[in-house]
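The structure appears below as structure tokens.
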Amino acid sequence: MMRSFKHITLLAGALLLSGCSDQVSYSKGVYMLVDTSGTYTTELTQAQRIINFTLAKLNPGDTFVVARVDTGSFSEKDIVQKQTFEDRPSMANQQKRLFREGINKFIEDVKPSAYTDITGGMLQAIEYMNEAKSGIKTILIFSDLKEEIQAGYNRDIPIDLEGYRVIAINVTKLRSDNIDPVEYLDRLESWRNKVESGGGHWQVINDLERLEPIFSS
Amino acid sequence: MSSDIFLIVPSAFLSGLIWFLAIVISLYLARTPAHYSIRALSRVIHNAMRLSAHSITHAEKLLQQRNKEVLLAQGREASERIIEREFDRIEATVRRDLAEYPAIHRMLSEEINRIDDDYKDSTEAPPNPPGWVKAVEAVAKIPSKGDPMVANILEDIHGSLQRANDKTLVEYRKANQSRHSYLKNMMPHWRKVLNLLNQVEKNVNGLFSRSVSIDRHMAEYEDILKRTDRSEQMLSSSSMTQFFISGIVLAIAVGGAIINFHLIARPLSEMVGGTSHIAGFQINTVSALVIILLEIAMGLFFMETMRITRLFPIIGALNDKVRIRMAVVFITILTCLACIEASLAFMRELLMEEDAATRAILRGDNASIVAQSAYLWITTAAQMGMGFILPFALMFVAIPLESFIHSMRTVLGVVAVGLLRIIEWALRLGGDIVKFMGNALIQLYDFTIFAPLWIETMIKHKQDERGPLSPEPSHSDTSASL
């Protein structure tokens, strides 16, 4: 009798606690696509800075993934580093240090790819982030946004970016952009249309000093 | 297109004119019931507002009465507490000081006996003349007649007498010296007696001053029981003062609690995690808040068991043994919580250092990782000290909280009376405005149909000139009555 009473009390307590606990996710999820095609590999030290900055801004419970953009980016193999940081701040700090070391190694060993499959990378990012169930989802694209798809790859597909912020960082101007700036502007506009038609929020940040506010929200 | 439905004839002007005439005639025909309706409506609203104002006045009086009751009851209770404490102090004084009185009395008696003995010992006893002096005097009266034998005997007698006299004198002096020594020995006894009497005087004066204080409090208490206006005013002003003072102290305590919160919220994420949320708040912040509230509750109960505050009469009514045991339990829990807070504060410092090191690594700033201040232990010690002291400081929140709660009843009552007065005034004003608005509306109504009214007046005037025809009251009579 006493045992059953104890069980009922425990169950009631557990129900009460589960009722009180909040099911809304407040964690941040950041998926960073790093362009490793052609000459853009020279910009990778800049990417390293941004990754370190992002690591410093993320909190326990947040998720951070760095993936490379190469010929076919819709693949888990292109994920360089991924981590959902532990609840405990001390553990999260250790994970951040390990993450940084992994990125340093990647930057040292990276080889340029022939093609730039940004859309594939975004699809992979969406798939991963939906699984991670982060509250605030951000995709950082570290690229010149010049997409080059290998023949045979179909990337002309709609992308569902509802609830995502897509931020293009360090969108460098190519030589052809300097000759005809319309090409650069068209490129940005087409990406904006692509993201906003998918329900996402598009933003371009070329001045890295302006990265701070995106992590404050 | 929609405005075309108002066109009765093709000309818009003519249509408008027809409409105007139709409306004026309709209003003229409906004048009496319209006036009646307007007047009735305004009167209903006016009366409803006046009734409401009246009932609010009644409620205000009841509230004032209740405020007075509350104020006097609180004042009576406070006075009883003060008088009770004064009597407790007197009891303690009597126990401490007057309990020693028999001992003091015994000491005084002993001292007086000693003085008495010494005094008796110091009284002068004249030396007795030797018994053979009279025989010597008789022998001395015998005539010698030149007999050398007799002369020798007499000289011997004289010598003996001289020696006896010297011896007696020496003894007398010795006796005197001894008596003086007794008198000298009496001095410390006198001083002791003086000290004892001073002590008695001090104790009695202490009691006397306490009795004066009790008299004053009793006079106030009697005033409260007689429900005098003076006592009500005094209590009301005291209550307001208490409310604001305790409010300020509570605000200071809230500041302390916020500091305490920030001190432990961050390190608690290391224990309970920082990613789960309850009602939108991080679980570590909720835990920190719960710990602080728990500390305040423990402090409150401790103060209650010590009978410093009286928020929970059940605790105050417990027997002394249980009450003291409970006090020990509460202060032990509070001390444990204070120790936990101190360790959390230490952990906070460690976490901050680790965070700073991680940020420095991520920035690639190796110099700041190596360079650490030699005085860092000061902040660590200060944080730990604050973590330990703040729970005990928050314990004393119970005192202003009690004052705040008690005085708030009076203050809320006064505020409620003020609000009721404003509502009452607004209702009276609204009622009068509605009444005059009704009259103004009737006048406006008549103004819109001034033409038919004028025609009616003219016709009536002509009829009056011919002589009275109709006994029925006309519309103009109704308007005149307005």
Side-chain angles (χ1 to χ4, degrees), chain A residues 14 16-30 45-64 66 81 83-104 107 132-136 208 211-212 215, chain B residues 261-294 340-341 343-370 372 376 379-380 383 387:
Chain A
L16 194 71
L17 282 175
S18 62
C20 287
S21 66
D22 206 334
Q23 298 302 315
V24 182
S25 176
Y26 294 90
S27 62
K28 287 195 278 275
V30 180
T45 47
Q46 192 77 304
Q48 201 174 7
R49 275 183 57 206
I50 293 165
I51 290 165
N52 285 342
F53 177 81
T54 310
L55 277 172
K57 290 290 170 189
L58 291 177
N59 296 318
D62 292 345
T63 302
F64 189 30
V66 175
Q81 282 286 319
Q83 189 69 61
T84 298
F85 299 112
E86 284 283 328
D87 271 5
R88 298 175 62 185
S90 57
M91 288 295 291
N93 278 335
Q94 284 178 19
Q95 286 171 331
K96 283 179 185 179
R97 291 179 193 188
L98 290 172
F99 197 103
R100 177 182 167 271
E101 283 169 18
I103 292 296
N104 287 352
I107 301 285
K133 291 192 171 72
S134 299
I136 303 163
L208 299 182
L211 265 175
E212 179 94 31
F215 293 107
Chain B
F261 173 81
H262 284 291
L263 210 58
I264 62 170
R266 188 178 161 80
L268 268 173
S269 64
E270 197 66 19
M271 287 164 65
V272 295
T275 54
S276 305
H277 287 72
I278 294 175
F281 295 99
Q282 282 184 327
I283 197 155
N284 60 322
T285 58
V286 175
S287 307
L289 195 68
V290 168
I291 288 177
I292 290 165
L293 291 176
L294 207 63
I340 290 168
E341 272 209 17
S343 49
L344 282 172
F346 178 68
M347 197 171 172
R348 180 177 186 270
E349 187 60 39
L350 292 181
L351 282 174
M352 281 175 73
E353 280 175 30
E354 199 179 296
D355 274 2
T358 306
R359 276 200 299 275
I361 289 169
L362 292 172
R363 279 200 310 270
D365 184 9
N366 292 321
S368 60
I369 304 166
V370 179
Q372 279 199 343
L376 209 63
T379 53
T380 312
Q383 285 187 58

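Each chain gets a letter, A, B and so on, in the order the sequences are listed, and its residues count up from 1.
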Of all the heavy-atom pairs spanning B:I361 and A:R100, show the shortest one and how long it is.
->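 Distance-wise, the nearest heavy atoms are O-NE, 3.2 Å.
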B:F346 CZ: over 12 foreign heavy atoms closer than 6.0 Å |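 Count not over threshold, so no.
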Distance-only, no hydrogens or angles: does the A:N52 side chain make a donor-acceptor pair with backbone N or O of B:L362 under 3.5 Å?
->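 Flag set: sc A:N52 to bb B:L362 pair under 3.5 Å.
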Side chain, backbone, both or neither: which part of A:S90 has a non-hydrogen atom closer than 4.5 Å to chain B?
->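 Looking at A:S90, backbone and side chain both touch chain B.
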Top residue by heavy-atom pair count (under 4.5 Å) with chain B, among A:P89, A:G61, A:P60?
->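 Looking at each option in turn, the highest pair count goes to A:P89.
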Below 4.5 Å, heavy atoms only, C-beta onward: do B:S269 and A:R88 meet side chain to side chain?
->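 The answer is no; the side chains never approach within 4.5 Å.
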How long is the gap from CZ on B:R359 to NZ on A:K57, to the nearest 0.5 Å?
->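 B:R359 atom CZ to A:K57 atom NZ measures 8.5 Å (nearest 0.5 Å).
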